[in-house]
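A short write-up of the structure that comes next.
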Amino acid sequence: MRFSKLHGLGNDFLVVPPGRGPDPAAAGDLARRICDRHMGVGADGLILLSIEKSEPAEVGFRVFNADGSEAEISGNGLRCAAAYLSWCGALKSPKVLFRTAAGDRPAEVLSSRGLSFEVKIGLGAPRLAAKDIPFDDGQRLERIQDYPLFVINKTFTVTCVSMGNPHCSLFFDALPSRSEWQGIGSEIETHPFFPNRTNVEFIRVVGRNEIEVRFWERGVGETLASGTGSAAAAVAAMLKGLTDRDVTVRTAIGSLRVEWPEGGEVLQTGPAEVVFTGDHPAE
């Protein structure tokens, strides 16, 4: 099985050529083994693609976390998939429509230089109601904003949204230490109020057009970046009135742009880079 490794700001994925991947029923087990950073290639997730229509391009997109669980969507994964398809010559135009478990998501390769690409994706409108996240505390709230969530013997104020997958955002004047936010993230990911578990973002507002974020991803743990996590963090900051609707999100090793026009859908622009290609031997 041929594969390529790509990353978006350090959030890395193994991408299998369209139609060349394992049976989806076996993909979770393969993801656990091949994404292991000591006994496998090492990655945050495994992406399977299937070309459903060549022009205009429509591509099936499935992503499996490093723990073998399947995620609904991945923002960085979508950018990496678009970059991969452009790099290997599978796209006749810069635009592609991805069919994901969270719905159709458009992508456009804006520029390329060697193995580096700049990609813009549409992430749809954020969903805010508890039933859509999902978030279940028994109240069926229409919005989870500044909600007091009790974890690790402490109450944290959280804002939750769905970007096609669940997200829980926490705001700080100064970001906690790495060991502290990892512990908080691990506890919140599996909190009983999140029946499907959740991704967690730790956010420091830098200014009206800039935030800094650290990420704890469901099924992965700490990641250097997250596309939907960056979008969720920006949306949460916008909902709270802390930023404008065009925000630069600073991750551990770089930045991307998130826009959410009033009444519109979330747009994200950021890098994706091809790292290497390889072969996974048949068993």
Side-chain angles (χ1 to χ4, degrees), residues 2-21 43-63 71-126 163-165 224-232 234-235 245-249 251 253-261 264-277:
R2 194 76 173 167
F3 67 88
S4 296
K5 182 168 180 174
L6 294 91
H7 79 91
L9 297 173
N11 189 196
D12 53 349
F13 300 89
L14 304 176
V15 182
V16 179
R20 301 290 299 275
D44 293 324
L46 172 69
I47 294 174
L48 305 184
L49 302 174
S50 57
I51 295 181
E52 300 179 358
K53 186 179 176 183
S54 59
E55 192 174 3
E58 296 179 6
V59 178
F61 175 95
R62 297 183 71 171
V63 57
E72 301 89 345
I73 192 174
S74 166
N76 282 332
L78 288 174
R79 294 206 320 278
C80 286
Y84 168 80
L85 292 169
S86 177
W87 172 70
C88 70
L91 295 182
K92 296 181 180 179
S93 80
K95 296 183 179 181
V96 57
L97 182 68
F98 287 107
R99 307 284 194 187
T100 82
D104 293 350
R105 297 291 187 267
E108 180 178 3
V109 177
L110 300 179
S111 64
S112 63
R113 183 178 180 181
L115 301 177
S116 299
F117 297 79
E118 189 78 3
V119 182
K120 186 173 187 176
I121 58 174
L123 288 172
M163 294 304 310
N165 54 357
L224 294 177
S226 168
T228 57
S230 294
V235 166
R245 288 183 169 259
D246 189 339
V247 172
T248 296
V249 179
T251 71
I253 64 170
S255 300
L256 50 74
R257 180 184 180 187
V258 176
E259 305 164 79
W260 184 27
E265 299 187 349
V266 175
L267 302 172
Q268 182 178 100
T269 305
E273 185 172 353
V274 179
V275 182
F276 62 80
T277 62

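No hydrogens, no waters, no symmetry mates; every other heavy atom, side chains included, goes into these values. Predicted, not measured: the structure shown is a model, and the values here were computed from it.
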Which atom pair, heavy atoms only, marks the closest approach of Pro271 to Leu9?
-> CG-CD2, 3.6 Å

Name all pairs fulfilling the side chain to side chain donor-acceptor pair (under 3.5 Å) condition that reach into residues 102-126, sequence neighbours left out, sorted by first residue then second.
-> Arg99-Asp104

Between CG of Asn76 and CG of Leu6, what distance do you get to the nearest 0.5 Å?
-> 11.0 Å

pair Leu224-Asp44: side-chain heavy atoms closer than 4.5 Å = no

Does the side chain of Val275 come within less than 4.5 Å of Asp12's, by heavy atoms?
-> no

Note: Ala102 and Gly164 closest approach over all heavy atoms is CB-CA, 3.7 Å

Tell me, do Val266 and Pro126 make a side-chain contact under 4.5 Å, heavy atoms counted?
-> yes

Side chain to side chain contact (heavy atoms under 4.5 Å, CB included) with Val96: of Val119, Leu91, Leu78, only one passes, and it is Leu91

How far apart are the closest heavy atoms of Asn11 and Gly227, and which atoms are they?
-> OD1-N, 4.5 Å

Name all residues meeting the side chain to side chain contact (heavy atoms under 4.5 Å, CB included) criterion together with Ala272; count only those two or more places apart in sequence or in a different chain, and write none if there are none.
-> Arg79, Cys80, Ala83

Minimal heavy-atom distance between Gly10 and Ile253, with the atoms involved, is N-CD1, 3.5 Å

Can you tell which of Asp246, Thr248, Thr269 makes a side chain to side chain donor-acceptor pair (under 3.5 Å) with Arg257?
-> Asp246

Could you state the interatomic distance from CG (Leu110) to NZ (Lys95), rounded to the nearest 0.5 Å?
-> 10.0 Å

State, with a plain yes or no, whether a side-chain heavy atom of Phe61 is found less than 4.5 Å away from one of Leu49.
-> yes

Hits for side-chain hydrogen bond (donor to acceptor under 3.5 Å, both in side chains) against Thr277, two or more places apart or cross-chain, chain-then-number order -> Arg2

Rounded to the nearest 0.5 Å, how far apart are OG of Ser74 and CD1 of Ile121?
-> 8.0 Å

Please identify each residue that fulfils salt bridge (Lys or Arg N to Asp or Glu O under 4.0 Å) with Glu72, with sequence neighbours left out.
-> Arg218

Lys92 meets the salt bridge (Lys or Arg N to Asp or Glu O under 4.0 Å) criterion, sequence neighbours left out, with Glu55

Heavy-atom closest contact (Leu14 atom, Ala43 atom, distance) | CG-CB, 3.7 Å

Quick one: are Met163 and Ile73 in side-chain contact, heavy atoms under 4.5 Å?
-> no

Heavy-atom pair with the smallest gap, counting every atom of Gln268 and Ser230 | NE2-CB, 4.1 Å

For the atom pair CG (Leu97) and OG1 (Thr100), what is the distance rounded to the nearest 0.5 Å?
-> 9.5 Å

Applying ring-ring contact (aromatic ring centres under 6.0 Å, His included), name anything that partners Phe117, two or more places apart in sequence or on another chain.
-> none

Could you give the distance from CD1 (Ile47) to CZ (Phe98), rounded to the nearest 0.5 Å?
-> 8.5 Å

